[in-house]
Amino acid sequence: MRLLTGNIMATRYNAQEVEPKWQARWAESGVFKTKSPQEAGDAPKAYVLEMFPYPSGRLHMGHVRNYAMGDVVARYHKAKGYNVLHPMGWDAFGMPAENAAMERGEHPGRWTRENIESMRAQFEPLGLSLDWDRELATCEPDYYGLQQKIFLSMLRNGLVFRKKSKVNWDPVDHTVLANEQVIDGKGWRSGAVVEQRELEQWFFRITQFADELLEGLNTLDRWPDKVRIMQANWIGKSKGATFHWPFKSNAPSGFEKGIEVFTTRPDTLFGASFIALAPDHEITRELAKDNPAIADFIAEAARIGTSEEAIEKAPKLGVDLGLKVTHPFDPTWEIPVWAANFVLSTYGSGAVFGSPAGDQRDLDFARKYDLPVKPVVLPPGKNAEDHVITDEAYTGPGTIYNSGFLDGMSTTDAIDAAIARLVELNLGDASTTYRLRDWGVSRQRYWGCPIPVVRCDKCGVVPVPEDQLPVTLPDDPDFSKPGNPLDRHPTWKFTTCPTCGGDATRETDTLDTFVDSSWYFARFCNTQTNAPVDLNDARYWLPVDQYIGGVEHAVLHLLYSRFFTRAMQACGLIDLPSGEPFAGLFTQGMVTHETFKSESGAWLSPEDVEQRDGSWVEIATGKPVKVGAIEKMSKSKKNTVDPTQIIKDYGADVARWFMLSDSPPERDVEWTQSGAEGAWRFVQKLWSLADAAPDNDDGSPSEGDALELVRQIHKTVDGVTRGIDEFRFNTSVAQIHELSNALKKAEQSKAPGMMTARRFGIRTLAQLVAPFAPHVAEECWEATGGDGLVIEANWPVADPEMLVSDTITLPVQVNGKKRSDITVSADATKDDIEAIALADTDVQRFTSDKTVRKIIVVPGRIVNIVVG
RNA sequence: GCGGGCGUGGUGGAACCGGUAGACACAACAGACUUAAAAUCUGUCGGGCGAAUGCCCUUGCGGGUUCGAGUCCCGCCGCCCGCACCA
């Protein structure tokens, strides 16, 4: 690695000395301490929050980018006079700690707390404007104990329930596997073929809020549209009909009315050619008991795993169950019943009817098993003879045909008519179904929040009384044997029943870590109170004004948090009538880096390779190296860059500046050494501007170059401010560059008023840079006689009069091609502009031998002359 | 498979509501300074044609709407994110 710092320090800006100095000053002055609502007085509040990190042990560049962005927003609001809350905490429960315990014999708690210590130490030199007084870690009893209170309150309010659900079971490790731990149907550690097991599990009733969560999206006008769309699709509200297909004869017990299905397309009912049940539908399972073929099919389907992705990607398979139902509209029409591996038991009633001409998946299935395909929807403009379905279904609107009483209707009318007939026949009704499922929160793991209930043979499931909370984890889990350490702990789970005092056992499931992150933002409003959330402080601070994190959380974390605020509202634990925790959301892109592979295909760290004579070689061996793709930084691909090392080499300002330059915040940014060096040069340049700043003014910059410079300063203030407001930090950076270039040039100028203009420019620049690269900004501010800390100086405001000029330059097009520029006064009329444009000699070269047909003048923008 | 997004010079990107495509930066090249190098400063920098004022082409690909399309519409291609037990 090339180091640019070193022997030439004297005249240069030395980040290694300057940055700790300002960090100490900020700490002494307490500028980052949050003010209470009383202390804040009339100042408006701004709650700025970045998604809190998992304490993996090392800060990575993705963190630096995320927190640098949040810091821009926080410092900017501080400068604008807001009372800012900008806290930090740790999403500290989760599987990596247990993996460390299993692989290295470390205690998950110790491992996690050590990681927190070392990451906090890495945070410090970044110079973020965080209020560490409000730090929290979800793995500490003072946090998860309160979470247990929330759980119990939700239980009392009917928002928690138990039901059976499927899990991926590793028969060797005796453990439940996460979907990511199931690789090709096998456990990642044991390699054993994964089984499906049904366990009685705890659920949060998120579906109770399905409509509210959907409706609420309309109020989130400071969220990216893509996230709102993804959440709406995830909730997946669909209107249609739920109805029964009566059995031809001898219905299985419990299904006397027939097989219940949900469909959004009852208009295609006359195209039905089969019924398909989920592999784990009750009827399928009943039949499997004395039919080995069906049992094999179920086992085969189970091997795919529980993830919807895997199920939908798997080849479509089915088995004929040998049952027959009759068509709701024609009792003489028999339809076969199949089981199919693509039918989800968790959606609707776990059964569908196949209408192959109008649904691609049904069509593929029908072709595979040679089931009838009858088209029933005629696309607009087609007639029955030439509308043939081969291997592509028609899913669009049209006119119904081949469909008895529905013939001739539009698809929408036919939907209503079909539902009306189903009601008449007493077989079903219109209904609404959601894709959203209730949230399963049980985890059979040690390192999570214990679910605060006990089981008593006499009293059943009994909540732990609040005065006995928190239910803490035992300190001595044993990870040497397979299975859940809580379940086989020698003493922990044995307790007495709070109700009858008899022997009882504790619940050994812990909560999904998504629960921990579903309310931490509310806890930050007051981390001292005994209630989970202080009602008054939360009323003041919530909603979070700006939340920043990765898009990968677009659905789950953000939807769960929106559910939690509603659930807590229903329990009286929070006062947030809107139910919306995050008023503004920004999703930032990843940090990527080039990758390298050796001849043998092993990943190589960028530090181990170098370019010799234009080709890449391994430094140690000199062997040639394959340059791989630019990918998200990850340990496995060895393309990470350690922020701590970058800060040592170049300083925090450089790391932050680079993360905010060039790439738009929502897009991925590629870390490059040369980019970091560019940022370093810029920091040096800023300092040299301040160092060369004149000590005194030389009169008012009211004309000539000095006035032009002042105008540019105002333009820059305007542009940088807009860039921050709109989360387009890269454009702010570009404008800061332009002003710096202008100020550098101005060092050569002797124009009257220039010294005044330069002093003004450099101090303004320091203010504009402060949210991005705060240390060098403070240094420049101090060197140019700024009052106090730049972080506390009022954000500059552009003078609107300085943003407009007297004349404007307009491009002139002829037939849409630019041919000339004209300069006109800012208040020129359309007629004036037309005349000037037509008189222009460059324009006339293209118009002289033609007829002018039309002239389009867009004020302040462009002139287009249409000739022909 | 389903849902969502993205695609502009050698590179990252800019272009506000459909109005000058390539701001700003990185890299590269040339020059100044220097015994030399580094640093710094200055200049060139999408492609083609031309002696030249210039002209033509160019925003992943193919169509369309418009006086005018990177931007809007339709159809493709490629990459990325999510898919409910990773966080």
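Sequence lines set the chain letters: A, B, ... in the order given, protein chains first and strands last, and positions in each chain run from 1.
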[X] side-chain proximity, nearest of [options]:
{"X": "Lys313(A)", "options": "C26(B), A87(B), G1(B)", "answer": "G1(B)"}
{"X": "Asn864(A)", "options": "C86(B), A84(B), C67(B)", "answer": "C67(B)"}
{"X": "Ser674(A)", "options": "G5(B), A27(B), C86(B)", "answer": "A27(B)"}
{"X": "Trp234(A)", "options": "G82(B), G19(B), A84(B)", "answer": "A84(B)"}
{"X": "His737(A)", "options": "C85(B), A84(B), C24(B)", "answer": "C24(B)"}
{"X": "Ile862(A)", "options": "C55(B), U20(B), C2(B)", "answer": "U20(B)"}
{"X": "Lys818(A)", "options": "U20(B), G19(B), C2(B)", "answer": "U20(B)"}
{"X": "Asn730(A)", "options": "C56(B), G13(B), A25(B)", "answer": "G13(B)"}
{"X": "Tyr560(A)", "options": "G19(B), A84(B), G5(B)", "answer": "A84(B)"}
{"X": "Gln813(A)", "options": "A84(B), U20(B), A87(B)", "answer": "U20(B)"}

Atom-pair distance ([atom1] on [X]; [atom2] on [N]), nearest Å:
{"X": "Asn815(A)", "N": "G19(B)", "atom1": "CG", "atom2": "C1'", "result": "15 Å"}
{"X": "Asp362(A)", "N": "G1(B)", "atom1": "CG", "atom2": "C1'", "result": "14 Å"}
{"X": "Glu670(A)", "N": "U11(B)", "atom1": "CD", "atom2": "P", "result": "12 Å"}
{"X": "Met61(A)", "N": "G12(B)", "atom1": "CE", "atom2": "C1'", "result": "17 Å"}
{"X": "Ile304(A)", "N": "C2(B)", "atom1": "CD1", "atom2": "P", "result": "17 Å"}
{"X": "Phe682(A)", "N": "U40(B)", "atom1": "CZ", "atom2": "P", "result": "14 Å"}
{"X": "Phe514(A)", "N": "A87(B)", "atom1": "CZ", "atom2": "P", "result": "7 Å"}
{"X": "Asp662(A)", "N": "A23(B)", "atom1": "CG", "atom2": "P", "result": "13 Å"}

Under a 3.5 Å cut-off for both distances, is [N] Watson-Crick or wobble paired, and to whom?
{"N": "A28(B)", "value": "U44(B)"}
{"N": "C2(B)", "value": "G82(B)"}
{"N": "C49(B)", "value": "G54(B)"}
{"N": "G62(B)", "value": "C74(B)"}

Does [X] reach a base, just sugar-phosphate, or nothing at all? Heavy atoms under 4.0 Å.
{"X": "Phe846(A)", "value": "sugar-phosphate"}
{"X": "Val227(A)", "value": "nothing"}
{"X": "Trp439(A)", "value": "nothing"}
{"X": "Leu436(A)", "value": "base"}
{"X": "Thr346(A)", "value": "nothing"}
{"X": "Val176(A)", "value": "base"}
{"X": "Gln201(A)", "value": "base"}
{"X": "Ser661(A)", "value": "nothing"}

Is any side-chain nitrogen or oxygen of [X] closer than 4.0 Å to OP1 or OP2 of [N]?
{"X": "Arg361(A)", "N": "C2(B)", "value": "no"}
{"X": "Arg435(A)", "N": "C83(B)", "value": "no"}
{"X": "Arg845(A)", "N": "C55(B)", "value": "yes"}
{"X": "Arg681(A)", "N": "A27(B)", "value": "yes"}
{"X": "Lys817(A)", "N": "C57(B)", "value": "yes"}
{"X": "Asn168(A)", "N": "C85(B)", "value": "no"}
{"X": "Arg437(A)", "N": "A84(B)", "value": "no"}
{"X": "Arg445(A)", "N": "C86(B)", "value": "no"}
{"X": "Ser663(A)", "N": "G12(B)", "value": "no"}
{"X": "Asn179(A)", "N": "A84(B)", "value": "yes"}

Pairwise [atom1] distance, [M] and [N] [rounded to whole Å]:
{"N": "A28(B)", "M": "G12(B)", "atom1": "C1'", "result": "15 Å"}
{"N": "A23(B)", "M": "C72(B)", "atom1": "P", "result": "23 Å"}
{"N": "C56(B)", "M": "A36(B)", "atom1": "P", "result": "48 Å"}

Do [X] and [Y] pair up side chain to side chain, a donor and an acceptor below 3.5 Å, judged on atom types alone?
{"X": "Ser561(A)", "Y": "Tyr547(A)", "answer": "no"}
{"X": "Trp90(A)", "Y": "Thr112(A)", "answer": "no"}
{"X": "Asp509(A)", "Y": "Ser442(A)", "answer": "yes"}
{"X": "Ser663(A)", "Y": "Asp668(A)", "answer": "no"}

Could you tell me whether [X] and [Y] have a side-chain N and a carboxylate O separated by less than 4.0 Å?
{"X": "Asp718(A)", "Y": "Lys715(A)", "result": "no"}
{"X": "Asp725(A)", "Y": "Arg722(A)", "result": "no"}
{"X": "Glu308(A)", "Y": "Arg435(A)", "result": "yes"}

Between the base of [N] and the side chain of [X], is there a donor-acceptor distance below 3.5 Å?
{"X": "Asn233(A)", "N": "G3(B)", "value": "no"}
{"X": "Arg667(A)", "N": "C6(B)", "value": "no"}
{"X": "Glu308(A)", "N": "C83(B)", "value": "no"}
{"X": "Gln444(A)", "N": "C85(B)", "value": "yes"}

### Task
Starting from the 5' end of RNA chain B, give me the residue, Ile856(A) or Pro664(A), whose nearest nucleotide shows up first.
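Of the two residues, Pro664(A) wins.
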
### Task
Between Asp668(A) and His553(A), just flag the one whose closest nucleotide in RNA chain B comes earlier from the 5' side.
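Whichever sits nearer the 5' end wins; that is Asp668(A).
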
### Parallel, tilted or perpendicular: rings of Trp671(A) and Phe658(A) (30°, 60°)
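Ring orientation of Phe658(A) relative to Trp671(A): perpendicular.
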
### Query
Parallel, tilted or perpendicular: which describes the rings of His557(A) and Phe514(A), with under 30° parallel and over 60° perpendicular?
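Judged by the thresholds at 30° and 60°, the geometry between His557(A) and Phe514(A) is parallel.
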
### Syn/anti state for C17(B) [syn: chi within 90° of 0]
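Judged by the O4'-C1' to base torsion, C17(B) sits in syn, the angle falling within 90° of 0.
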
### Message
Syn if the chi torsion is within 90° of 0, anti otherwise; quick check, which is G9(B)?
### Response
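Syn, angle within 90° of zero.
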
### Task
Could you check Arg443(A), Gln444(A), Lys163(A) and say which one makes a side-chain hydrogen bond (donor to acceptor under 3.5 Å, both in side chains) with Gln201(A)?
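Looking at Arg443(A), Gln444(A), Lys163(A), the match for Gln201(A) under the side-chain hydrogen bond (donor to acceptor under 3.5 Å, both in side chains) is Gln444(A).
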
